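Below: one structure, written as structure tokens.
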Amino acid sequence: MKRLLAGILAAACMTSLVACGSGSGSGSGSGSDLDYVKDKGTLIVGITDFEPMDYKDADGNWIGFDADMAVKVAESLGVKAEFVEIDWDNKILELDNKSIDVVWNGMTLTNEVKSAMECTNAYCNNAQVVVLPSADADNYPDIDSMKELSFAVEAGSAGEAAAEENALDYTSLTQQSDTLMEVAAGTSDASIIDLLMAGAMIGDGTSYPELTHTLELTTEEYGIGCRKGSDLASYINDELKKFYDDGSMAEIAEQYGVQEALVEQ
């Protein structure tokens, strides 16, 4: 009887271990996100339309500093980079349900992001800046004078957090680029966006020559987000260091005008 009971218990334990093993990890038997990405042959990159980091060229191809770097990392893995536009407010959910493999889109390394994702080291410095019509800029020299303005911000962004922190009246939109359209159309008085985007999208020679950026509300760093516990983040760190050391990272940065923002790897 004791032998029979021991045999039943052993069989139950083995069944339990097999069940646990088959449901664990990031999509492959080894529990490795690297293996998962290699097995399916694609690195799915979650982005928004965010010049100069991720945006489309005249032929509809995704380009930008982040897009080009993502392609290099995908090539080093032996897979193809596939870009998917996401609702920025749902980026953590998109990662967790495996709609995407990485969030690589000028993502600010906030405490919320770092607690919910496995993040890489910082690779760019940034700031959140106020964007106004150039004709109005002198009328609003500080944050107190801006309390009467209506702001447009991207939902789930560092810009939205800055608006909340400074008790500003704001409306949340799907993308940062949408906030510029709001200000240009006069629907909102101002917006809060990334300094790198402001440098690429407003002022002389851009689609919004009548807009300018003024106050820097925050300083911050960009990083890349992977699923919590993913070994992909460490791999990307190693690749970024390699590309920083061989100068290819700086070459791509200069192409998109973000070379001054690079963080040494």
Side-chain angles (χ1 to χ4, degrees), residues 32-34 37-38 41-59 61-86 88 91 95 100-110 113-114 117-129 157-158 176-177 193-201 206 216 218-227 230-265:
S32 163
D33 243 3
L34 274 174
V37 169
K38 289 177 181 178
T42 55
L43 177 69
I44 304 177
V45 185
I47 60 171
T48 65
D49 190 343
F50 175 9
E51 188 175 354
M53 310 310 279
D54 294 293
Y55 63 102
K56 288 184 177 180
D57 64 14
D59 296 322
N61 300 309
W62 286 103
I63 61 171
F65 177 70
D66 280 348
D68 287 8
M69 291 301 300
V71 168
K72 281 182 69 67
V73 169
E75 288 175 347
S76 74
L77 276 167
V79 303
K80 180 180 179 181
E82 180 180 319
F83 298 95
V84 175
E85 283 192 88
I86 62 173
W88 195 244
K91 55 187 176 291
L95 263 183
I100 59 175
D101 298 313
V102 291
V103 180
W104 200 331
N105 190 75
M107 181 178 69
T108 301
L109 292 172
T110 63
V113 161
K114 289 187 286 187
M117 302 181 191
E118 197 71 29
C119 295
T120 67
N121 299 328
Y123 64 92
C124 268
N125 291 310
N126 186 46
Q128 292 300 309
V129 296
S157 70
Q176 286 195 78
S177 54
I193 66 171
D194 291 62
L195 176 60
L196 293 182
M197 172 179 268
M201 293 192 67
T206 71
E216 289 191 7
T218 65
T219 57
E220 59 203 40
E221 293 179 320
Y222 285 163
I224 301 144
C226 306
R227 281 177 278 279
S230 172
D231 55 354
L232 189 55
S234 177
Y235 179 86
I236 294 173
N237 276 334
D238 291 342
E239 293 303 290
L240 292 184
K241 177 167 175 47
K242 181 175 74 177
F243 299 144
Y244 185 91
D245 290 344
D246 69 16
S248 58
M249 190 175 184
E251 287 178 12
I252 295 173
E254 288 171 8
Q255 183 179 345
Y256 296 103
V258 300
Q259 64 272 16
E260 298 301 323
L262 285 186
V263 173
E264 183 176 356
Q265 300 300 297

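Reckoned from all heavy atoms, side chains included, excluding hydrogens, waters and symmetry mates. The structure displayed is predicted, hence computed values, not measured ones.
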Open item on the list: Looking at Asp231 and Ser32, would you say the former's side chain and the latter's main chain have a donor-acceptor pair under 3.5 Å?
Closed with: no
TODO: Working to the nearest 0.5 Å, report the span between CD of Gln128 and OG of Ser157.
DONE: 6.0 Å
Task: Test side chain to side chain contact (heavy atoms under 4.5 Å, CB included) applied to Asn125 and Thr219, step by step - done: CA-CA 8 Å; Asn125 291 310; Thr219 57; over 6 Å; no
Task: Residue pair Leu43 / Leu232, side-chain heavy-atom distance below 4.5 Å - done: yes
TODO: Drop me the distance from Gln176's CD to Asp49's CG, to the nearest 0.5 angstrom.
DONE: 10.5 Å
Open item on the list: I'd like to know if the side chain of Asp194 and the backbone of Leu196 have a donor-acceptor N/O pair within less than 3.5 Å.
Closed with: no
Open item on the list: Is it the case that atom CD in Glu85 sees more than 12 heavy atoms from other parts of the structure closer than 6.0 Å?
Closed with: yes
Task: Val73 side chain near Tyr235 side chain, heavy-atom distance below 4.5 Å - done: yes
Task: Intermediate values then yes/no, side chain to side chain contact (heavy atoms under 4.5 Å, CB included), Val113 and Thr108 - done: CA-CA 8 Å; Val113 161; Thr108 301; over 6 Å; no
TODO: Kindly give the heavy-atom pair with the smallest separation between Thr120 and Leu109, and that separation in Å.
DONE: O-CD1, 4.2 Å
- [ ] Compute whether any side-chain donor of one residue and acceptor of the other, for Glu82 and Thr42, lie under 3.5 angstrom apart.
- [x] no
Open item on the list: For a 4.5 angstrom cut-off between non-hydrogen side-chain atoms, does Met53 reach Trp104?
Closed with: no
Task: Min side-chain heavy-atom separation Val45-Asp54 under 4.5 Å - done: no
TODO: Over 60° means perpendicular and under 30° means parallel, so classify the ring planes of Tyr256 and Tyr55, tilted if in between.
DONE: perpendicular
Task: Side chains of Lys241 and Tyr123 in contact at under 4.5 Å (non-hydrogen atoms) - done: no
Open item on the list: Salt bridge check, Glu75 against Lys72: does any charged N sit closer than 4.0 Å to a carboxylate O?
Closed with: no
Task: Shortest non-hydrogen contact from Ala74 toward Lys80 - done: CB-C, 4.1 Å
Open item on the list: Minimum heavy-atom separation for Val102 and Cys226, please, with both atom names.
Closed with: CG1-SG, 3.8 Å
Open item on the list: If you define the side chain from C-beta out and look only at heavy atoms, does anything of Glu220 sit under 4.5 Å from Asn126?
Closed with: yes
Open item on the list: For the CE atom of Met197 and the CG atom of Leu195, what is their distance to the nearest 0.5 Å?
Closed with: 11.5 Å
Task: Within-4.5 Å side-chain heavy-atom neighbours: Gln265 and Phe243 - done: no
TODO: For side chain to side chain contact (heavy atoms under 4.5 Å, CB included), just list the numbers for Phe83 and Ile63, CA-CA rounded to whole Å, side-chain angles, deciding distance to a tenth of an Å, and then say yes or no.
DONE: CA-CA 10 Å; Phe83 298 95; Ile63 61 171; over 6 Å; no
Task: Closest non-hydrogen atom pair between Ala200 and Pro52, with its separation - done: CB-CD, 3.8 Å
Open item on the list: For a side chain to side chain contact (heavy atoms under 4.5 Å, CB included) check, start with the C-alpha distance between Tyr244 and Val263, then their side-chain angles and the critical distance, and finish with the verdict.
Closed with: CA-CA 9 Å; Tyr244 185 91; Val263 173; over 6 Å; no
TODO: Rounded to the nearest 0.5 Å, what's the gap from CG on Asp33 to CD on Glu118? Could you check?
DONE: 10.0 Å
Task: Nearest-0.5 Å distance, CZ of residue Arg227 to CD1 of residue Ile100 - done: 8.0 Å
TODO: Determine yes or no for a side-chain-to-main-chain donor-acceptor pair under 3.5 angstrom, with Asp59 supplying the side chain and Asn61 the backbone.
DONE: no
Task: Shortest non-hydrogen separation from Asn237 to Asn121 and the atoms involved - done: OD1-N, 2.8 Å
- [ ] Classify the ring geometry between Tyr222 and Phe50 as parallel (under 30°), tilted (30 to 60°) or perpendicular (over 60°).
- [x] perpendicular
Open item on the list: Whether the side chain of Asn105 engages the backbone of Thr48 through a donor-acceptor N/O pair (distance < 3.5 Å, no angle test) should be reported.
Closed with: yes
TODO: State whether Lys242 and Asp238 are salt-bridged, where the test is any N-O pair (Lys NZ or Arg NE/NH1/NH2 against Asp/Glu carboxylate O) under 4.0 Å.
DONE: no
Task: From CG (Asp66) to SG (Cys124), nearest 0.5 Å - done: 7.0 Å
Open item on the list: Side chains of Lys91 and Met117, heavy atoms from C-beta outward: is any pair under 4.5 Å?
Closed with: yes
